[in-house]
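Have a look at the structure below before the remarks.
In each ligand, atom 1 is the first atom listed, and ligand 1 is the first ligand listed.
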Amino acid sequence: MKNFINISDLSSKELRLIIEEAKSRKEKRKNLNKSSPDEDKPFEGKSMAMIFEKPSTRTRMSFDIAVKQLGGSSIILNPEGIHYGKGDETLKDTAKVLTEYVDIVMLRTSKHKNLEEFGKHLGIPIINGLSDQSHPCQIMSDILTFEEIKGSVQGKIISWLGDGNNNMSNSLIEAAGKFNFQLKIGCPKKYTPNKKILNWAKRNNVKLIITQKPDEAVKNSDCIMTDKWVSMNDKVDKKVKKKNLKPYQVNKKLMKKAKSNAIFMHCLPVGRGEEVTDEIIDGKQSVVWMQALNRVHAQKSIINWCFS
Ligand code: CP
Ligand code: NVA
């Protein structure tokens, strides 16, 4: 039994196996309906409980479909509707009860430590469906998408523009180390990756360049990624942050400075006209809808890995 909390918790070999299984399962079921189960139904008779402390469209839908395709079932729990560490029941007790009912838990939380606390008391695996510190399922899906379009990510250049200190950029830095690609982050000094992740990057020889110049960040890049300038629960002066990040907007002018066949990625939801222009997100280089679909396929192998 294993937990999937951060990309950095897994070896490169384990992460590679997850991606390869996702590719082969996706290929095998290409003629099946969206919710039909895979032939081997590895999750038959099993179920997943999903808890969302914050809103979600993709994570909610893609995990539900992933579990269906594996032959199992899922239930979504709204923290407001259950006893969930609000004084009348501790997280520990909720974890112990869920252990009796289901086979795996997926948690989206505002406090990363809730994942650790919950995981400590669960007798079943837990998957991080986004925390304030990381979004490993999204980045795994993004590696899958990248490789389906451009081949092996190893040695390629990915650029990250905008907020350099959020859950997505943290997981992307970890992925750069584990999958061995070059990561160039273009962000203002104020939104540079935090010390903890920078130390991890140093210890793990991540090929990481951080620059305040957006042009430099995208030069020679195979893929440009960005994210909302203000994340959910980001307690900042939104107006100030958006103004500071304006020069890092992914637009036609900036996209032209990457390789001519570079792709554009965004985990969604998107702030259209803020971190990216309509022209780019709706344009030929954008692969954002494929990213959303691949959440299903990457998460199926993440679930299987938890039981391997
Ligand atoms: N990308 C992503 O995690 O989207 P949701 O917030 O809709 O789940
Ligand atoms: N950084 C974003 C990602 C959303 C999927 C957030 O946390 O809101």
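With sequence neighbours excluded, no residue satisfies side chain to side chain contact (heavy atoms under 4.5 Å, CB included) with Lys28. Asp40 is linked by a salt bridge (Lys or Arg N to Asp or Glu O under 4.0 Å) to Arg25, counting only residues two or more places apart in sequence or in another chain.
Formation of a donor-acceptor pair under 3.5 Å by the Gln182 side chain with backbone atoms of Gly155 is not found in this model. Thr109 places no side-chain N or O within 3.5 Å of a backbone atom of His112 that could act as its donor or acceptor partner.
Salt bridge Lys228/Glu274: absent, no basic N to carboxylate O contact under 4.0 Å.
Sorted by chain and number, the heavy-atom contacts of ligand 2 below 4.0 Å come from Leu130, His135, Asn166, Asn167, Asp227, Ser231, Met232, Cys267, Leu268. Protein residues lining ligand 1, listed by chain and number: Ser56, Thr57, Arg58, Thr59, Arg108, His135, Gln138, Cys267, Leu268, Arg295 [non-hydrogen atoms, distance under 4.0 Å].
Enclosure of atom OH in Tyr101 is not indicated, since only 12 or fewer non-hydrogen atoms of other residues, nucleotides or ligands lie within 6.0 angstrom. For Met61, the CE atom sits in a loose shell: 12 or fewer heavy atoms of surrounding residues, nucleotides or ligands are nearer than 6.0 Å. Other residues, nucleotides and ligands place more than 12 heavy atoms under 6.0 Å from the CD1 atom of Ile149.
Annotation: cation-pi pair Arg16/Phe179 absent, no NZ/CZ under 6.0 Å from the ring centroid and within 45° of its normal.
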